[in-house]
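Quick caveat, the model's predicted, so the values are computed rather than measured.
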Amino acid sequence: MKKSLALGLGVLALTACSEVRSPDLCNMLGWCRTKSNVEYINVETQEKVIYNDTMTTSYQGYQLPKRGERYEAANYVITPEVYNVLASRVAGKVLDDMPAILANQPNATVYLAETTQIDRYLPDAPNTVGASVRNILVNSNRLNLVSDPNAADFILESSLTNSNTPETPVISYEMRLFDRAGNMLNSWMDTVRQVQNDDGSWW
């Protein structure tokens, strides 16, 4: 029994002081000193930590700025007018195609869902583009829009995103038409980007 206990403690001590070990376990038990630097990445801080037998040092590695910070540092302004132009382009395509789609159901009801913002850092995006599209479709008097999705024969969903980088955005807006069974019948999309000129316009 004593031999088994002694053997077990010996194996544990050797394991703790081997090159493949946890630095924290070695430091906690105080059984051994590190023979060489041991490096690992702290998953919470993303810092590289170096352990040696006299001290612990750490330094910050390279980190890509967060997407929201990159938008804030970008040299342009996305105004509501940018979203309105994009919304009018896509809504125009929808109105052009819907008569043919609804030819057999001229009185069909359509529910316009809220716009989904895929790139959540785009400023003032979904409310602006969603309101603009709704106004265009309502004022056209060509669709029988309803406020209850359960009472609708068709549902128009939409999404907005930046399909490029925060530094050079390409804003994409897409609308998709679904029937009551959830089958997508058609989709429409357009993009707008900043023109590379001196005034920084978007079209």
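In plain terms, the two heavy atoms of Gln117 and Leu122 that are nearest each other are NE2-O, 2.9 Å. Counting all heavy atoms, side chain and backbone alike, Leu177 lies closest to Met98 at CD2-SD, 3.8 Å. The nearest pair of heavy atoms linking Ser158 to Arg176 is C-NH2, 3.8 Å.
Distance CZ/Arg134 to CG/Leu145: 7.0 Å, rounded to 0.5 Å. Atom-to-atom distance recorded for Ser88:OG and Asp190:CG is 9.0 Å, nearest 0.5 angstrom. Taking OG1 of Thr168 as the start and CD of Gln194 as the end, the distance is 8.5 Å to the nearest 0.5 Å. Note: Met175 CE to Lys93 NZ = 12.0 Å, rounded to the nearest 0.5 Å. Remark: Tyr83 OH to Thr115 OG1 distance equals 11.5 Å, nearest 0.5 Å. Taking CG of Leu86 as the reference point, atom CD1 of Ile171 lies at 7.0 Å (rounded to 0.5 Å).
Counting heavy atoms from C-beta on, the side chains of Val138 and Asn135 never come closer than 4.5 Å.
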- Take Ile136 and Leu95 through the test side chain to side chain contact (heavy atoms under 4.5 Å, CB included) and record every step on the way to the result. CA-CA 9 Å; Ile136 293 171; Leu95 291 175; 4.1 Å; yes

*Under the side chain to side chain contact (heavy atoms under 4.5 Å, CB included) rule, what do Tyr71 and Asp119 come out as? Steps first, then yes or no, please.*
CA-CA 11 Å; Tyr71 272 111; Asp119 185 342; 2.6 Å; yes

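The side-chain contact (heavy atoms from CB on, under 4.5 Å) search around Asp179 returns Phe154, Ala181, Asn183, Leu185, not counting sequence neighbours. Looking at residues two or more places apart in sequence or on another chain, you find no side-chain contact (heavy atoms from CB on, under 4.5 Å) involving Glu72. In this structure, the side chain to side chain donor-acceptor pair (under 3.5 Å) partners of Asp97, at least two apart in sequence or on a different chain, are Trp188. Judged as a salt bridge (Lys or Arg N to Asp or Glu O under 4.0 Å), and not counting sequence neighbours, Arg142 has no contacts. Under the side chain to side chain donor-acceptor pair (under 3.5 Å) criterion, Thr191 pairs with no residue, sequence neighbours left out. Remark: Ile118 pairs with Ser159, Thr161 by the side-chain contact (heavy atoms from CB on, under 4.5 Å) rule, at least two apart or across chains. Shown here are the side chain to side chain donor-acceptor pair (under 3.5 Å) partners of Ser163, two or more places apart in sequence or in another chain: Ser172. Legend: residues meeting side chain to side chain donor-acceptor pair (under 3.5 Å) with Glu157, ordered by chain and number and at least two apart, are absent.
The environment of Asn139 atom CG is dense: over 12 non-hydrogen atoms of other residues, nucleotides or ligands sit within 6.0 angstrom.
Hydrophobic side-chain contacts under 4.5 Å tie Met184 into a cluster, directly or through other members, with Phe178.
Side-chain N or O atoms of Asn162 include one that pairs as donor or acceptor with a backbone N or O of Thr165 at under 3.5 Å.
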N/O donor-acceptor pairs under 3.5 Å from side chains in residues 102-112, not counting sequence neighbours:
unit_1, atom_1, unit_2, atom_2, d
Thr109, OG1, Ala151, O, 3.1
Thr109, OG1, Asp153, N, 3.0
Thr109, OG1, Asp153, OD2, 3.2

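By the rule that hydrophobic residues join a cluster once side-chain heavy atoms approach within less than 4.5 Å of another member, Ile78 and Tyr121 end up as members of one cluster.
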